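Residue numbers start from 1 in every chain, and the chains themselves are labelled A, B, ... in the order their sequence lines are given, proteins ahead of strands. Here the structure is a predicted model, which is why all the values come from computation and not from measurement.
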Protein chains: 4
Amino acid sequence: MSPRRRDTEGTAAARAERRAELLATAAEVFAAKGYAATTVRQVADAAGILGGSLYYHFDSKESMVDEILSTFLNEMWAAYDRVLAAGLGARETVEAVIVESFRSIDRHRAAVVVYQNESRHLAAAGERFAYLLESDRRFEEMWMSLLERGVREGAFRPDLDLPLVYRFIRDTVWVAANWYRPGGRLAADDIAKQYLAMVLEGIQA
Amino acid sequence: MSPRRRDTEGTAAARAERRAELLATAAEVFAAKGYAATTVRQVADAAGILGGSLYYHFDSKESMVDEILSTFLNEMWAAYDRVLAAGLGARETVEAVIVESFRSIDRHRAAVVVYQNESRHLAAAGERFAYLLESDRRFEEMWMSLLERGVREGAFRPDLDLPLVYRFIRDTVWVAANWYRPGGRLAADDIAKQYLAMVLEGIQA
Amino acid sequence: MSPRRRDTEGTAAARAERRAELLATAAEVFAAKGYAATTVRQVADAAGILGGSLYYHFDSKESMVDEILSTFLNEMWAAYDRVLAAGLGARETVEAVIVESFRSIDRHRAAVVVYQNESRHLAAAGERFAYLLESDRRFEEMWMSLLERGVREGAFRPDLDLPLVYRFIRDTVWVAANWYRPGGRLAADDIAKQYLAMVLEGIQA
Amino acid sequence: MSPRRRDTEGTAAARAERRAELLATAAEVFAAKGYAATTVRQVADAAGILGGSLYYHFDSKESMVDEILSTFLNEMWAAYDRVLAAGLGARETVEAVIVESFRSIDRHRAAVVVYQNESRHLAAAGERFAYLLESDRRFEEMWMSLLERGVREGAFRPDLDLPLVYRFIRDTVWVAANWYRPGGRLAADDIAKQYLAMVLEGIQA
DNA sequence: TATGAATGAGTCTTCATTCAT
DNA sequence: TATGAATGAAGACTCATTCAT
């Protein structure tokens with residue numbers, strides 16, 4: 001490995017790191033104000049640079065959300081796929097998936113908020129965000145087959161309206177990103193445990 | 001009632017009706033595209049008039065959301081207050097509140113979506129939307145005291161993390177507006193029943 | 001004179017009166033806020049009718065100023081012409097013209113303010129207001145020949161820069177409309193007298 | 001002074017210079033067409049840039065007039081204050097103030113025209129322009145005490161209606177900006193001299 | 001005569017984006 | 001890498017004007 005090459009790698013790595021920093025900042029601002037209502041200048045201000053300077057790193061405002069969301073979704077699906085590949089029972093899988101979801105929120109809070117609030121509008125806007133719909137589809141597929149298997153395996157009550165249960169679980173999990181604060185009273189895993197207790201056993205005495 | 005007075009009432013009523021029509025249209029568009037991403041022209045197009053014409057009826061785009069949200073919240077609180085005044089037990093009150101919530105979604109689907117998606121940003125934007133925060137506060141107060149009473153009365157499990165339960169219930173209910181379609185497979189009351197079964201008894205067999 | 005004709009005249013007179021009323025109102029508002037900054041609606045509000053209703057009486061906002069200014073100028077020139085036709089000496093003519101000018105201000109305060117502030121812009125705007133330039137021209141002609149005659153007659157100092165004197169007199173007179181209030185401490189004729197004393201004899205002891 | 005600091009100063013100065021250029025252009029256009037009747041695009045056209053580009057330098061059309069007027073008034077009062085601090089007799093002070101006024105017109109012709117035509121409307125419009133009223137107040141105070149002192153010192157005739165004299169002088173001076181052209185037949189100081197001769201000694205032979 | 005709803009052109013302003021330095 | 005000046009399209013809003021009633 002020549003020094004030359006080392007340099008290049010160094011710069012490439014530095015550049016990637018800077019991008020990640022800027023994206024984290026952008027995600028926070030998008031989450032706080034909403035994507036459409038956020039100006040590129042606000043993102044730049046938050047990053048301590050000038051508006052135009054962002055365009056050295058990114059093609060457009062759109063490509064920023066794009067990268068924020070796809071990075072998050074890739075990581076999330078990687079985690080889900082590991083769980084699904086583990087060959088657990090339906091109930092254990094559900095628990096593991098929920099736990100992974102709250103961990104995702106823990107690591108990508110801002111991205112999750114953006115995902116929740118903007119994904120529908122973005123998907124409607126153009127081809128570029130088709131992967132959001134695809135992810136939705138996989139998500140529904142995963143949950144529906146999980147719930148159906150759970151009923152077959154006798155883990156879940158047979159009288160449930162499964163599509164309804166799916167919808168409630170889906171939304172409830174992600175919506176937690178709106179109030180969750182990393183380092184707060186409850187850690188992600190605690191929240192997952194409480195949430196599972198509630199969903200599985202109900203709140204009734 | 002003199003004919004004169006009838007006339008005046010007639011036009012005032014007609015005007016109010018027109019406003020309501022336009023607001024319903026606006027709510028649909030805001031719900032579909034997001035408030036910030038919606039142009040006044042899109043609202044006008046949907047209403048079949050020109051952009052400028054909206055300003056004969058409303059001061060600003062902002063005052064449209066304002067009226068959409070405050071109308072919805074007023075109706076919702078009126079329903080809640082009726083329930084709370086009925087002197088039911090904690091569990092029955094919770095059931096009734098949930099039922100009323102889904103009825104609200106049934107009647108004001110678009111407004112609820114707007115409320116869910118934009119309320120935080122709007123409240124942050126200015127004094128004018130302070131009532132949104134106030135409503136949030138009352139909502140939390142209502143739910144927390146309801147849950148606490150339920151635990152005291154032995155209706156709910158004593159080991160629950162109440163603030164957490166409150167958050168999940170709050171968000172889950174409203175989030176249903178995102179997929180609920182009036183006249184669809186399930187009526188509002190059916191959904192409420194299913195939802196209550198899930199929350200109260202859990203999905204576990 | 002048939003009753004029919006009497007009716008028609010009655011209505012015609014009533015209509016003319018209403019126009020005059022509305023024009024007086026319009027002149028006040030134009031004077032107070034500036035022509036360009038005044039909306040037709042503000043004029044209508046001041047008149048106690050709705051915006052669209054003004055168009056029953058007038059073709060356009062422009063035709064309102066037009067009528068306000070031309071009415072004022074016609075009256076003013078009628079008065080000037082009477083003075084000029086009287087065959088007085090230069091000094092007496094100057095005095096009489098000044099007196100008539102302040103009487104014009106007394107009767108048409110608002111119109112004078114509008115004339116002073118807007119006439120240049122209006123004249124530049126279009127053919128329709130060419131008579132404003134024509135009036136300016138006649139005004140200058142009148143004053144210059146008056147001043148020259150005064151110098152020849154030995155009434156005015158021979159060392160004056162006449163174009164300069166003309167300009168100062170012209171502006172000073174009309175500018176008084178900005179602060180003059182009919183029925184105030186000083187009547188129009190008093191102001192004229194004081195003004196003449198100042199211009200003719202100076203303020204020096 | 002480090003090169004670094006020099007750079008910073010250099011760009012700050014360049015920016016200030018650009019602002020000044022643009023404001024001078026804006027003042028000309030506002031003076032020519034009237035503030036309300038001037039579009040931002042007209043100002044931009046005159047400056048050779050696009051309408052939106054002005055907003056890189058200024059917050060709003062309003063802040064442009066604001067800066068035009070306050071800059072002019074500050075300079076004018078600085079000059080007046082120098083004169084007033086010189087401890088001259090009333091008559092000499094009056095002469096010096098008049099001379100400074102015509103010099104102000106010479107240097108800031110457009111700004112003076114804007115001041116004369118728009119100041120009242122702007123002051124009525126909002127808090128932001130309160131300084132215009134304050135300047136008016138100081139102006140009246142200065143002139144009235146100057147005139148009163150002149151009468152006491154025997155420099156001016158004792159039979160004058162001082163408030164009236166003040167009003168005529170005030171308006172006459174500024175109104176000259178409407179026809180004055182720098183580099184024309186008469187220089188500012190010549191005009192001041194002629195004007196003083198007229199006001200002090202009168203035009204009578 | 002007046003109303004009130006609507007029009008449509010035009011205004012101020014914002015903002016994503018570009019580009020020379 | 002970042003700056004800062006500018007672009008240009010688009011957006012919210014205004015307003016003179018029209019017209020059916």
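Contacts of residues 52-66 of chain C with DNA chain E (heavy atom under 4.0 Å): C:G52, C:S53, C:Y56, C:H57. Looking at residues 114-126 of chain A, you'll see that no heavy atom sits under 4.0 Å from any atom of DNA chain F. Looking at residues 16-33 of chain C, you'll see that no heavy atom sits under 4.0 Å from any atom of DNA chain F. Within residues 37-50 of chain B, the residues approached by DNA chain E to less than 4.0 Å at the level of any non-hydrogen atom are B:I49, B:L50, in residue-number order.
In this structure, B:S70 and B:F129 have side chains that are not in contact, with every pair of non-hydrogen atoms separated by 4.5 Å or more. Counting heavy atoms from C-beta outward, B:F30 and B:N117 have side chains that stay 4.5 Å or more apart. A 4.5 Å side-chain heavy-atom check between C:L122 and C:L69 finds at least one atom pair inside the cut-off. A 4.5 Å side-chain heavy-atom check between D:Y115 and D:L73 finds at least one atom pair inside the cut-off. When side chains are defined from C-beta on, C:V65 does not count as touching C:K61, because their heavy atoms never get closer than 4.5 Å.
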Quiz item: Under a cut-off of 3.5 Å for both distances of each Watson-Crick or G-U pair, what dot-bracket string does DNA chain E give, using [ ] for crossing pairs and | for inter-strand pairs?
Solution: .||||||||||||||||||||

Show the atom names and distances, to 0.1 Å, of all donor-acceptor pairs under 3.5 Å that link a side chain in residues 45-60 of chain C to residues at least two apart or in another chain.
unit_1 : atom_1 : unit_2 : atom_2 : d
C:S53  : OG     : C:L50  : O      : 3.4
C:S60  : OG     : C:E62  : N      : 3.4
C:S60  : OG     : C:S63  : N      : 3.1

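A:Y131 and A:D66 share a side-chain donor-acceptor pair at under 3.5 Å.
Across all non-hydrogen atoms, the minimal contact from B:A31 to B:A110 is CB-O, 3.8 Å. Taking all atoms of both residues into account, the shortest heavy-atom contact from C:A27 to C:A111 is CB-N, 4.4 Å. Across all non-hydrogen atoms, the minimal contact from A:A26 to A:M64 is CB-SD, 4.4 Å.
With sequence neighbours left out, the side-chain hydrogen bond (donor to acceptor under 3.5 Å, both in side chains) criterion links C:E67 to C:R19. When the side-chain hydrogen bond (donor to acceptor under 3.5 Å, both in side chains) test is applied to C:H108, the partners found at least two apart in sequence or on another chain are C:E75. Scored by the side-chain hydrogen bond (donor to acceptor under 3.5 Å, both in side chains) test, A:Y35 finds no partners at all (sequence neighbours excluded). Listed by chain and residue number, nothing satisfies the side-chain hydrogen bond (donor to acceptor under 3.5 Å, both in side chains) test with D:Q42 (two or more places apart in sequence, or in another chain).
Going from the C1' atom of E:dT1 to that of F:dT21 covers 12 Å, rounded to whole Å.
Residue D:R15 holds its CZ atom at 13.5 Å from CD of D:E17, rounded to the nearest 0.5 Å.
Protein chain C touches strand DNA chain F; the 5'-most and 3'-most nucleotides with an atom under 4.0 angstrom of its non-hydrogen atoms are F:dC15 to F:dT18.
Residues in residues 26-35 of chain D take part in these salt bridge (Lys or Arg N to Asp or Glu O under 4.0 Å) pairs, two or more places apart or across chains: D:E28-D:R109.
Few gaps surround CZ on D:R128; more than 12 heavy atoms of other groups in view lie less than 6.0 Å from it.
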